[in-house]
Amino acid sequence: MSQPKLPPMPEAPKDPLSILHDRFMDAMRAVMGEALPEGASPMLAPSKDPKHGDFQSNGAMPLAKRAGQNPRALAEKIVAALNIGDIAETPEVAGPGFINIRLKAGALSGALAAMDTAALGVAPVSGGAKPQTVVVDLCGVNLAKQMHVGHIRATVIGDALARLHERLGWKVVRQNHFGDWGLPIAMVTDAVKRAVEGRRLSLASLSLEELEKMYRRAQRDCEADEGGLAAVTRFGLGPKAEAELGAQVAGARENLARAQAALVALQSHEASHYAVWKEISRVTLAACFAAVGRMGANVTDEHTAGESSYAEELAPLVKDLVDRGVAEESDGALVVRLEEFGIKEPCIIRKSAPKGVAGGGAGGGGVTGGSAGGGFLYATTDLAAIRRRVQKFGASKVVYAVDGRQALHFKQVFAAAKKAGYARLAGGGDAELLHAWFGTILGEDGRPFKTRSGENVKLADLLEEASQRAEGAVREKNPGLPDAERRAVAEAVAMGAIKYADLSSDRIKDYVFSFDRMLAFEGNTGPYLQYAVVRIRSIFRKAAEQFGAGEAGAASSAALSLEAPEEKAIALELLKYPGVLRSAADACEPHRLCGYLYELAQAFSTFFAACPVLQATTEAQRRSRLRLCSLAGRVLADGLHTIGIKVLDRM
RNA sequence: GUCCCGGUAGCUCAGUUGGAUAGAGCAGCCGCCUUCUAAGCGGCAGGUCGGGCGUUCGAAUCGCCCCCGGGACGCCA
């Protein structure tokens, strides 16, 4: 068959959209000459309604507005100057100045064949040069605490953003910013250490449940009810109340003092404290990696950088900021002022000196930070992290998958880092610092998702429940599956359902968590997408049975004929893939990819119902359709992999 | 009080630098399995895009003012 002549394609094939874009720019320049404004664009987009062709250009209208011309007349002029006869029919001008373009059948199949490569038409961002580095901050667990629903988003969104960048050829460094340092950590370390010494606890068999209880208790035991005591004394509520509160306050003060001593011991790596802390850390992370691994997120020990790993850097960092005049004193605290960034609230990097005991805070700077001030704060650690990520890891982009409530904090830290020069790139300019924030997971009552008793829902429990529910569903829908495969399928379906529910809506919004909806397996869900892949793979199994093992191979180079509207619709959908990936990564919005994959799956399902593949009327049609199935299947599988969802052969 | 984010069909959500008749899914109703997995497909019905004013050929989208909900606001992380 005669393929249309396309412009030379050295590396990645040019998709019809970028070809059209170039030709339109030429035509617009020809029509407007010098008057063509700087950022002018043909504003090409896929048409929403097939009646309006395959693509439309909306650029003539704004152009006419700025030039004070009649939009329709300008559109006509652009069309007259347009040279796209090789790939498209003569465009029509419609309405106030829309230009509708219909591709020639050969151009569509040619473009589709061009993207039928291992890379699926996706060119690496670096364009063959040395890949750029992006750091993705994700997961964010805390020592001695179980993961709960709140960690789903930081993990799943962060992992998806990392995968998106990897897919586009970035070098990705994942960083699990582990909350393993500071006074609260010292409290629980001290409590565990004493329990072990008192033989009430065995270090060898610590469980995270126990640790979490001890963490809460230790914190409570350090909270002195000073206000209560003052009130009791002032209002003379009796010696008994006074004595009870007095004892509470005295005990709390003692506990606090001991925790502060423990912090000092930890900072100097004193052996007995350090060993206990290390073991608590190990137990916490083991549980974290188990849960995260079950979800298929790639977060392990090598991606984990505890706050403790920055402890030694904080005092020199603060000194550096003071020496260079970046930080200044304010009410006894050290702050970086950010008015020049339009931020009123300064970034506090060291507390004012406490009246009584020294120490405390994230870094416990009261000890290592010298006598001039109090402890460091989490902003201090985050500044050190930016410095490490940009200057040591070489990141030109740092993405934080962290709860939206920290938006102001990150605004401050990003600005402070730039002011301090910690985000400066080797080649000049600052690294891009991006807070890819997300909203809260809500229960079906519209309030933050909690158990009936008001506790946080444990991540591990939630994953297990999803898996159980999915297994029931799989048993019902496909009773023929062997036990082992059924469990594997249920597991993949359950995790896919949870992750897709999280990724498929705009991350910035809160979303309502519902097992029933995500596991209904209907409509816009993870299982629907997995199912589309399963149906495609099933076709290929049957093809091998009916036509021999070589059939798939024969189809892979078959001529594509896109006659049925359902075939054409898939083709147009497939061609969007590279652009969607790029836009999702640029905006750090995985839901753009999810929406696309859902539309592709829908296009496939419609095709599946309308166009017999194995029962096609001719061998040529069968092979063309098989090739279309193959492409759809590979894009779906690639896209699902890119958002971290497993693909199955059967379900 | 200041600032940030939301408000789109009964419910859950999409809606690309302003573009054509605002789209899906669920729930409801009507069809479709002797043919590749019906976890599917086709169709019907469902909307003052929170409200108002403005900008213009054109506004869910941009500007201003309100209303409602959530969140953050210097020594917690």
Side-chain angles (χ1 to χ4, degrees), chain A residues 39 41 43 45 47-49 51-52 56 58 61-62 64-65 70-72 94-98 100 140 142 179 182-184 307 330-335 343-352 354 360-362 373-375 377-379 381 403-409 411-412 437 439-440 442 444 446 448 473-474 476-478 493 501 504-506 508-512 514 516-517 519-525 527-528 530-532 534-543 546 579-580 583 587 591-592 594-595 598-599 602 605-610 612-615 625 629 650-651:
Chain A
S41 154
M43 299 182 63
S47 298
K48 283 171 193 152
D49 189 331
K51 272 191 304 209
H52 300 132
Q56 59 180 310
N58 304 328
M61 293 173 282
K65 181 187 260 183
N70 179 301
R72 222 189 134 98
F98 298 102
N100 294 334
N142 293 300
L183 191 57
E307 289 177 340
S330 169
D331 295 333
L334 275 177
V335 305
I343 303 170
K344 278 185 227 156
E345 299 85 351
C347 183
I348 306 177
I349 56 168
R350 198 181 68 193
K351 298 194 230 181
S352 55
L377 292 144
Y378 72 131
T381 309
D403 193 293
R405 283 173 294 198
Q406 301 206 33
L408 175 61
H409 165 70
K411 247 171 98 176
Q412 293 173 307
W437 84 41
T440 308
L442 305 176
E444 290 182 77
V474 174
E476 187 187 314
K477 308 253 185 196
N478 194 347
V493 163
S504 60
S505 65
D506 193 342
I508 222 161
K509 294 190 182 177
D510 295 347
Y511 83 91
V512 177
S514 161
D516 288 337
R517 195 153 358 95
L519 290 172
F521 308 155
E522 291 166 339
N524 192 0
T525 60
Y528 176 86
Q530 289 171 318
Y531 181 61
V534 161
R535 292 169 111 186
I536 293 170
R537 295 190 172 176
S538 177
I539 290 175
F540 279 94
R541 272 197 306 275
K542 291 266 160 55
Q546 290 176 31
V580 169
S583 122
H591 82 285
R592 297 189 189 205
C594 293
Y598 179 59
E599 277 168 19
Q602 273 184 316
S605 294
T606 302
F607 160 85
F608 182 89
V613 178
L614 300 179
Q615 309 299 323
R625 288 182 175 173
C629 286
R650 299 195 292 179
M651 62 188 277

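Every chain is numbered from 1 and lettered A, B, ... according to where its sequence line falls, protein lines coming before strand lines.
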Original post:
Within the modelled atom types, does a donor on one side and an acceptor on the other bring the side chain of A/Q56 and the base of B/rA20 under 3.5 Å apart?
Top reply: yes
**OP:** With P as the reference atom in both, quote the distance from B/rC29 to B/rG63 in angstrom, rounded to an integer.
**Re:** 44 Å
**OP:** Rounded to whole angstrom, note down the C1' distance from B/rG52 over to B/rA59.
**Re:** 15 Å
Original post:
Does A/H52 stack onto the base of B/rA20, taking stacking as ring centres under 5.5 Å apart and planes under 30° apart?
Top reply: yes
Subject >> Residue whose closest nucleotide on RNA chain B lies nearer the 5' end, A/A45 versus A/V613 >> reply: A/A45
Original post:
Does a side-chain N or O from A/K51 land closer than 4.0 Å to OP1 or OP2 of B/rU21, or not?
Top reply: no
**OP:** Answer with yes or no whether A/N100 presents, from its side chain, a donor or acceptor under 3.5 Å of a partner atom in the base of B/rA20.
**Re:** yes
Original post:
Stacking between A/F98 and the base of B/rA20 (centre distance under 5.5 Å, interplanar angle under 30°)?
Top reply: yes
Subject >> Rounded distance in Å between the C1' positions of B/rC11 and B/rG18 >> reply: 30 Å
**OP:** Hunt down the Watson-Crick or G-U wobble partner of B/rA22, both distances under 3.5 Å, from any strand shown, or write none.
**Re:** none
Original post:
Watson-Crick or G-U wobble partner for B/rC75, using a 3.5 Å limit on both distances?
Top reply: none
Subject >> Distance test, side-chain N/O of A/Y528 to OP1/OP2 of B/rA38, below 4.0 Å >> reply: no
**OP:** Please state whether the base of B/rG15 and the side chain of A/K48 form at least one donor-acceptor pair under 3.5 Å?
**Re:** no
**OP:** Determine the contact category for A/S330: base if any of its heavy atoms lies under 4.0 Å from a base atom, sugar-phosphate if only primed atoms, P, OP1 or OP2 are that close, otherwise nothing.
**Re:** base
Subject >> Partner nucleotide, any strand, of B/rG69 [Watson-Crick/G-U, under 3.5 Å] >> reply: B/rC5
Original post:
With both distances kept under 3.5 Å, what pairs with B/rC32, Watson-Crick or G-U wobble?
Top reply: B/rG40
Subject >> Distance-only donor-acceptor test, A/S605 side-chain atoms vs B/rC41 base atoms, 3.5 Å >> reply: no
